[in-house]
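Below: the structure, in structure tokens.
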Amino acid sequence: MSASFMKYILSIPERMERVRILVLPEDFDNAMRILHGLNAIHVVELREEVIEEELRKRILRVEKLQRIITDLIGFLEKPITITLKEEIDATTLDELLDQYLSKLQTLHNDIIALKNRINHLDKLVEEYQGLKKYIEILALVKPELKLSNLRYEGKTLISYPIISPKDKWQELVKLLEKHGALVNTLSMLQDETLLQVIYVKNKEQSIKNLLEQYRCIILNIPSIDVTIAEFKEHIDKKITELISQRDSILSEIRDKISKEVNDIALAKILVDNELEKVKAFKAFIKTRYVNGVEGWIPVSIKGKLLNILNNTIKRYIITFNKPKEGEEPPTKTNNPKGIRNFEVLTKTYGVPRYNEWDPTPLIAYSFPVFFGLMLGDVVYGIMLLLVTKYILDKFVEDPESETIKKLKNILYISGVTSAIAGFLSGTFLGQTVNVNGGFGSILSPILGPYMSLLLVSSPILDYICNMLSNPLNFILLAMMIGLVHVNIALIISFIKAVKHRSMGDILQNLGLMLIQVFGIPCILIFMFKYEIPILHGLENILLIGVLVSIGLIVTSQFIIYRALGVLTWIFTITGLLGDVLSYTRIAGVGMATVYLANGYTFLSLMVYNGLSSAIGIPIVNIIVASVFFLVVYVFTQLMNFTLGILGSFIHSLRLCFVEFLTKFYEGGGVEFNPVKIIIRRRVTLKPGL
């Protein structure tokens with residue numbers, strides 16, 4: 001099978017080579033402009049032999065500003081989007097960086113000082129809460145005990161409460177008493193014992209050594225003339241007071257930052273662009289005579305790069321090296337133009353590894369079909385196209401981003417498949433215009449005759465319409481789609497296992513495929529008494545095939561999981577059944593749209609009928625009833641449309657991810673990210689990023 005055809009089934013990421021370019025200093029800027037223009041090089045760090053002081057200062061400056069911005073954004077309560085009005089002149093980027101570094105550094109110093117105060121208050125709250133735990137226990141057993149009687153230090157006697165591990169407290173008490181101390185048991189906790197130790201002062205060192213040896217903690221309470229109950233109230237008030245102070249300081253921090261968010265956003269844009277430069281700066285060696293840059297480039301662009309270098313820079317040295325064994329180059333996907341849009345979905349699951357098949361083509365075929373069958377409405381499909389075209393851009397941060405453009409193209413394709421599925425099932429505005437599915441539509445008087453004529457004149461369309469509009473047939477269709485989709489994943493997984501010589505996976509996938517070949521006919525014949533003429537007389541062979549399939553699965557589980565295979569083989573088989581049955585959600589979501597639409601239409605007609613005779617003047621009744629009918633009908637249709645899109649998108653994505661990709665796809669690659677200029681007008685600041 002040719003590579004040009006394979007990319008329409010499972011594409012392979014573009015082949016990469018490591019390139020190192022060395023040029024004279026006067027040609028370096030020109031070389032970098034060429035690489036920027038081609039979007040050709042994914043820069044990797046080249047071992048630095050000599051780094052000039054100015055380069056170090058530039059790197060340190062931008063990284064320092066980046067840390068400051070990250071710290072400041074971390075105090076925001078929620079993400080905010082800033083629309084910048086300032087024009088950034090590329091010639092003044094260095095001055096702006098210095099200006100905002102100085103300004104935000106001052107703000108950052110103030111915030112750090114306030115943050116240190118918060119940390120101090122948090123520490124005090126923690127100490128008081130730790131003390132409160134034991135005071136609450138004492139307040140239950142000895143509420144009237146004075147703290148001055150519990151904690152005392154005089155010229156002769158010393159007394160204080162201690163916390164002892166419960167498993168050794170009796171042994172500790174005996175030793176303390178041997179050293180002349182008096183021990184009073186205050187309370188027994190789950191893992192600790194609360195004791196009061198009283199001893200003469202000249203025994204202090206030996207007593208403390210003993211307490212330390214037994215990992216005892218001295219309870220730090222003041223020696224004041226208040227009861228335990230009163231001191232508990234004091235602690236509660238103190239904790240509340242400290243938390244209030246902390247919240248006040250945190251509010252002050254957020255107020256300071258909220259006044260400077262525009263500067264922070266502008267500084268973030270400057271840093272993002274400067275980081276693109278720094279990424280390149282860190283990657284090249286600069287000596288007295290030679291500058292260099294190293295990174296990964298697609299093999300397909302080698303010729304173009306060499307031609308431009310030959311025509312532009314005459315004095316250069318360039319070397320190419322294929323990836324070494326175990327080396328993981330970045331992944332640059334290589335899908336045909338139409339399929340390329342669905343890379344957004346694949347990368348949501350995980351970027352393909354360099355040596356891994358890219359399943360984007362299969363996702364490109366599966367997702368729109370699932371989505372179209374679930375939404376399955378001509379008018380809703382057209383509405384989705386209009387919403388994507390004219391409304392979606394207003395709800396995204398950057399409508400011009402490549403990701404949003406691809407997502408819009410996915411929705412366009414899904415809208416078309418929804419309209420086609422809706423036409424084939426005769427569904428308009430969530431209702432069928434024929435009675436095959438048990439429903440009539442308010443559009444039936446207009447579209448019914450045409451649909452009937454079309455179906456009568458085309459038996460294939462009539463058959464498809466019956467499949468999609470009859471609930472039982474729709475469920476059977478969904479299960480057949482599930483069988484095909486799941487087995488495609490199993491075949492790919494089997495080929496991958498053979499490629500990697502993984503015997504356990506080979507046997508598992510082979511067993512799962514064979515158990516369907518033999519098991520499904522067995523179920524039809526023995527359970528449902530369904531006659532399959534071509535298999536008449538082969539029932540015993542089918543049973544043997546089922547047993548062999550189970551044997552392969554059990555063996556594979558022992559190879560993969562060892563002793564646990566005794567249990568896991570059962571879940572492997574039931575998991576396959578669950579995966580196939582999961583595809584019935586296609587019919588479920590599709591029928592739910594129709595059922596809801598009919599319910600909403602019935603509700604709208606109830607409103608109309610209820611108001612059509614309420615006033616007594618026929619023309620007024622009709623106008624009022626029609627207005628309310630339209631309000632209710634339009635609102636409920638929009639709600640059904642929204643729920644239909646969300647449900648179709650989420651469930652289609654789930655089928656592609658959970659039931660399909662998990663069987664053979666790993667992901668976890670590094671996306672090819674060539675050096676480029678970042679141009680944005682809207683910036684979202686998110687705490688913690």
Side-chain angles (χ1 to χ4, degrees), residues 2-8 10-24 27-46 273 275-285 290-344 346-347 351-361 364 400-403 405-406 669-679:
S2 65
S4 59
F5 178 75
M6 266 298 297
K7 67 181 182 181
Y8 289 95
L10 283 172
S11 66
I12 299 174
E14 284 201 38
R15 298 299 85 190
M16 292 281 172
E17 287 189 7
R18 185 183 286 270
V19 61
R20 180 179 296 173
I21 305 172
L22 301 177
V23 297
L24 296 178
D27 292 325
F28 183 75
D29 288 342
N30 201 13
M32 290 304 298
R33 278 195 293 271
I34 292 171
L35 294 172
H36 273 82
L38 288 174
N39 282 347
I41 187 167
H42 179 105
V43 176
V44 296
E45 190 169 359
L46 186 64
N273 281 281
L275 281 173
E276 288 294 320
K277 296 179 184 178
V278 168
K279 184 167 60 175
F281 289 159
K282 281 185 172 181
F284 68 73
I285 291 179
V290 178
N291 288 354
V293 63
E294 183 173 354
W296 294 98
I297 69 165
V299 172
S300 60
I301 212 167
K302 281 173 62 176
K304 188 174 183 180
L305 175 61
L306 287 170
N307 286 334
I308 295 176
L309 289 173
N310 283 329
N311 295 329
T312 310
I313 302 173
K314 302 301 182 183
R315 297 166 296 182
Y316 72 90
I317 297 174
I318 186 167
T319 58
F320 296 97
N321 292 290
K322 296 185 181 297
K324 298 177 183 177
E325 187 176 352
E327 197 170 24
E328 185 79 12
T331 301
K332 186 176 190 296
T333 51
N334 185 28
N335 292 299
K337 188 175 180 180
I339 292 173
R340 203 173 298 155
N341 297 306
F342 290 86
E343 291 173 358
V344 173
T346 305
K347 291 175 182 178
V351 176
R353 291 183 179 275
Y354 177 71
N355 289 312
E356 185 177 22
W357 286 322
D358 180 1
T360 299
E400 298 303 316
S401 72
E402 195 66 26
T403 300
K405 288 180 180 178
K406 289 181 178 179
V670 177
E671 187 172 3
F672 179 74
N673 186 23
V675 178
K676 57 185 179 293
I677 300 293
I678 298 175
I679 300 175

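Position 1 is the first residue of the sequence, and the numbers go up from there.
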| task | In plain terms, say whether R18 and E327 are close enough for a salt bridge, that is, a side-chain N and a carboxylate O under 4.0 Å apart. | result | yes
| What is the distance from atom CG of L305 to atom CD1 of I297, rounded to the nearest 0.5 Å? | 5.0 Å
| request: Could you tell me whether a side-chain N or O of H42 sits under 3.5 Å from a main-chain N or O of N673, the two making a donor and an acceptor? | output: yes
| said: If we count only N and O atoms by modelled type, under 3.5 Å, do the side chains of D358 and N334 hold a donor and an acceptor together? | reply: no
| Quiz item: cation-pi between K406 and F342, 6.0 Å / 45° | no
| Do any N or O atoms from the side chain of E328 and from the backbone of Y354 form a donor-acceptor pair under 3.5 angstrom? | yes
| query | If you look at every heavy atom in E17 and V299, which pair is closest and at what distance? | reply | CG-CG2, 3.7 Å
| task | Evaluate the side-chain proximity of Y8 to I339: yes if any heavy-atom separation is below 4.5 Å, no if none is. | result | yes
| remark: In terms of heavy-atom contacts, F672 and W296 come closest through CE1-O, 3.5 Å
| message | Does W357 form a side-chain contact (heavy atoms from CB on, under 4.5 Å) with I12? I'd like the steps, not just the answer. | response | CA-CA 5 Å; W357 286 322; I12 299 174; 4.0 Å; yes
| task | Could you pull out the closest heavy-atom pair between P298 and E14, with the gap in Å? | result | CB-OE1, 3.2 Å
| query | Distance from M16 atom CE to K332 atom NZ, nearest 0.5 Å? | reply | 6.5 Å
| note | Sorted by chain and residue number, the side-chain contact (heavy atoms from CB on, under 4.5 Å) partners of K304 (sequence neighbours excluded) come out as L38, I301, I308
| said: Donor-acceptor check, side chain of T333 to backbone of P13, threshold 3.5 angstrom: yes or no? | reply: no
| remark: Heavy-atom closest pair (N335 atom, S11 atom, distance to 0.1 Å) is OD1-OG, 2.6 Å
| query | Is there side-chain contact between V670 and T331, with at least one heavy-atom pair below 4.5 Å? | reply | no
